Amino acid sequence: MSNRTFTMIKPDAVANNHIGPILAKINEAGFRIIAMKYTRLSPELAAKFYAIHKERPFYNDLVNYMSGGPIVAAILEKNNAVEDFRKLIGATDPAKAEPGTIRNLFAKSIDANAIHGSDSNENAEIEGSFFFSQTERF
Ligand code: IDP
Ligand code: MG
């Protein structure tokens, strides 16, 4: 069944000129872009987006990093989108990410790991709605 996931190309990947190569990987893997935005999270919005992690020791660093520079946010569509996109990006720690995955190719560390991908259909909808209204989806 065709469904949707949400992604962000994170500040480290944007700063290192990896937007183009990462979008190419996403297109080659068969995802259709439903919505896309080049933007920057305020510290308040980054804190809200990652509120699920607020008890974790790296939360403050994560909020500072995610608000530290521009990002690309997007909603993507494909059969089995959430699971297939998590496979395409690879493990959270790029040192453990499979060869050829986006984090293996473009991330340097577990904290600055190039890209976000939703972990469930429910979170994909919540996260997509955090950035995009219905009229911004095509
Ligand atoms: P995920 O992005 O692979 O779903 P999560 O566990 O949901 O990984 O963590 C969210 C984000 O928090 C990660 O992508 C990474 O940027 C950051 N993060 C996760 N674990 C650590 C850690 O141990 N140290 C520093 N940052 C971390
Ligand atoms: Mg996660």
Side-chain angles (χ1 to χ4, degrees):
M1 200 190 79
S2 179
N3 64 3
R4 292 178 179 188
T5 192
F6 170 78
T7 188
M8 290 183 284
I9 301 176
K10 295 184 176 183
D12 61 299
V14 172
N16 291 323
N17 288 331
H18 293 147
I19 295 174
I22 288 174
L23 290 179
K25 296 287 288 180
I26 290 170
N27 281 150
E28 285 158 14
F31 291 87
R32 192 169 84 79
I33 295 166
I34 300 295
M36 180 167 279
K37 188 177 285 187
Y38 184 61
T39 186
R40 182 170 176 162
L41 288 167
S42 65
E44 293 72 25
L45 281 176
K48 203 174 158 198
F49 185 87
Y50 281 110
I52 192 168
H53 295 308
K54 64 174 181 290
E55 306 304 334
R56 294 174 81 173
F58 56 82
Y59 179 66
N60 284 336
D61 289 341
L62 177 61
V63 169
N64 287 335
Y65 151 64
M66 286 303 298
S67 59
I71 61 158
V72 176
I75 296 173
L76 306 172
E77 187 173 77
K78 184 188 176 295
N79 289 352
N80 202 33
V82 167
E83 191 184 342
D84 285 2
F85 195 72
R86 293 288 300 200
K87 275 190 201 134
L88 179 66
I89 71 177
T92 307
D93 181 354
K96 295 175 184 154
E98 292 289 316
T101 60
I102 290 173
R103 282 168 167 166
N104 168 261
L105 291 169
F106 301 111
K108 294 280 183 285
S109 68
I110 191 168
D111 44 307
N113 61 1
I115 193 159
H116 170 84
S118 303
D119 62 7
S120 67
N121 288 336
E122 188 192 0
N123 284 336
E125 178 49 38
I126 292 168
E127 292 170 359
S129 297
F130 190 92
F131 282 89
F132 300 102
S133 66
Q134 290 302 327
T135 55
E136 292 174 302
R137 303 175 190 206
F138 302 100

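These figures come from a predicted structure and were not determined experimentally.
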Quick check: is [Y] connected to [X] through a chain of hydrophobic side chains (ILVMFWY, heavy atoms under 4.5 Å apart)?
| X | Y | answer |
| --- | --- | --- |
| F130 | L62 | yes |
| I33 | F132 | no |
| M36 | Y38 | yes |
| I9 | I102 | yes |

Considering all heavy atoms of both residues, which atom of [X] and which atom of [Y] are nearest to each other, and what is their separation?
| X | Y | answer |
| --- | --- | --- |
| A124 | S118 | CA-OG, 3.3 Å |
| F106 | P21 | CZ-CB, 3.6 Å |
| A107 | A114 | CB-CB, 3.9 Å |
| I22 | I115 | CG2-CD1, 3.8 Å |

Just jot down the side-chain hydrogen bond (donor to acceptor under 3.5 Å, both in side chains) partners of T7, sequence neighbours excluded, or say none. none
Under the side-chain hydrogen bond (donor to acceptor under 3.5 Å, both in side chains) test, residues paired with T135 that sit two or more places apart: S133
Just grab all the salt bridge (Lys or Arg N to Asp or Glu O under 4.0 Å) pairs involving residues 100-126, residues at least two apart or on different chains.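 Every salt bridge (Lys or Arg N to Asp or Glu O under 4.0 Å) pair that includes a residue of residues 100-126, provided the two are not neighbours, is E125-R137.
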Residues 26-39 vs salt bridge (Lys or Arg N to Asp or Glu O under 4.0 Å), sequence neighbours excluded, gives R32-E77, K37-E136
Who passes side chain to side chain contact (heavy atoms under 4.5 Å, CB included) against N121, sequence neighbours left out? N3, V82
Under the side chain to side chain contact (heavy atoms under 4.5 Å, CB included) test, residues paired with R40 that sit two or more places apart: none
Pairs under 3.5 angstrom only: tabulate donor-acceptor contacts from the side chains of residues 86-97 to other protein residues two or more places apart or in another chain.
unit_1, atom_1, unit_2, atom_2, d
R86, NH1, G117, O, 2.8
D93, OD1, A95, N, 3.0

Pick out which of D84, I26, I34 makes a side-chain contact (heavy atoms from CB on, under 4.5 Å) with L76. I26
Selection residues 12-27 - residue pairs positive for side-chain hydrogen bond (donor to acceptor under 3.5 Å, both in side chains), sequence neighbours left out: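 Qualifying pairs, neighbours excluded: D12-Y65.
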Non-neighbouring partners of E98 that pass salt bridge (Lys or Arg N to Asp or Glu O under 4.0 Å), sequence neighbours left out: none
Would you check, one step at a time, whether the test side-chain contact (heavy atoms from CB on, under 4.5 Å) holds for F131 with T39? CA-CA 10 Å; F131 282 89; T39 186; 4.2 Å; yes
Contacts of F31 meeting ring-ring contact (aromatic ring centres under 6.0 Å, His included) (sequence neighbours excluded), chain-then-number -> F85
Per-pair distances, 0.1 Å, donor-acceptor, side chain in residues 43-59, under 3.5 Å, sequence neighbours excluded:
unit_1, atom_1, unit_2, atom_2, d
H53, ND1, R56, NH1, 2.9
Y59, OH, A47, O, 2.9

Drop me the distance from M66's CE to M8's CE, to the nearest 0.5 angstrom.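 Nearest 0.5 Å value for the CE-CE distance: 4.0 Å.
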